[in-house]
Amino acid sequence: MKSRLLVVGLLLGWQALAGAQTLAPEPAALDPTAERQRISAERVGHEAVYQQAERLCYSRFAVSDCLRDARQERRLAMDELRRQELLLNDMERKTRAIEALKRIETKLANQQEKTLQDASQTAKPPVVPRKQLQ
């Protein structure tokens, strides 16, 4: 029975490491929607593993220790997924901020160009002094 729990724990640890490596690519290469779906699918998988471990624990004599270990494994896996989700949120927030700054810069450049054009159109031609009659 302990070997099954150990195997489940190792699988959870391995999946957590594999999940941590999936966020290594460049932020532009990541599809936030696909990453959120992957995280959600992993969450569902971890919950299923936890429920299976929980059922296994209730068939054992030392239920409390087994449940505590299963909850700890679940918490570690969920914490890793939450960390990945926070990184994804941070990446999206930074991307939106960069896009907003680019829009602002473009708008300011357009306004300055328009102001210069308006100023050149409304400028009066220079006054040429008339020759004084002597």
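Quick note: numbers below take in every heavy atom, side chains included, and nothing from hydrogens, waters or symmetry partners.
- Shown here for C57 and L67, the closest heavy-atom pair between the two residues is SG-N, 3.6 Å.
- With respect to the salt-bridge test (charged N to carboxylate O, under 4.0 angstrom), the residues R43 and E85 qualify.
- Between the side chain of T115 and the main chain of Q111, a donor-acceptor pair closer than 3.5 Å is present.
- Taken to the nearest 0.5 Å, the CD1 atom of I39 stands 9.5 Å off from the CZ atom of R83.
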Q.
Before you tell me yes or no, could you show the steps for M78 and E47 under side chain to side chain contact (heavy atoms under 4.5 Å, CB included), namely the whole-Å CA-CA distance, both residues' side-chain angles and the distance that decides it to 0.1 Å?
A. CA-CA 9 Å; M78 293 300 170; E47 283 296 323; 3.2 Å; yes
Q: For the pair Q84 and E80, evaluate side chain to side chain donor-acceptor pair (under 3.5 Å) and give the outcome as yes or no after the intermediate values.
A: CA-CA 6 Å; Q84 291 176 16; E80 175 60 27; 3.2 Å; yes
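- With values rounded to the nearest 0.5 angstrom, S120 atom OG is found 6.5 Å from Q117 atom CD.
- To the nearest 0.5 Å, atoms CG (N89) and CD (E35) are separated by 12.0 Å.
- In summary, D118 and K114 do not engage in a salt bridge, as defined by a charged side-chain N under 4.0 Å from a carboxylate O.
- Atom CZ of residue R38 and atom CG of residue L81 lie 7.5 Å apart, to the nearest 0.5 angstrom.
- We find that K102 and E99 are not joined by a salt bridge, their nearest charged nitrogen and carboxylate oxygen being 4.0 Å or further apart.
- Distance check, rounded to the nearest 0.5 Å: CD of Q72 to CZ of R74 gives 13.0 Å.
- In this structure, the separation between OH on Y50 and CZ on R55 is 11.5 Å, given to the nearest 0.5 Å.
- Salt-bridge formation is not detected for the pair R82/D79: no Lys NZ or Arg NE/NH1/NH2 atom is positioned less than 4.0 Å from an Asp or Glu carboxylate oxygen.
- Side-chain atoms of P32 and L88, non-hydrogen and from C-beta on, do get closer than 4.5 Å to each other.
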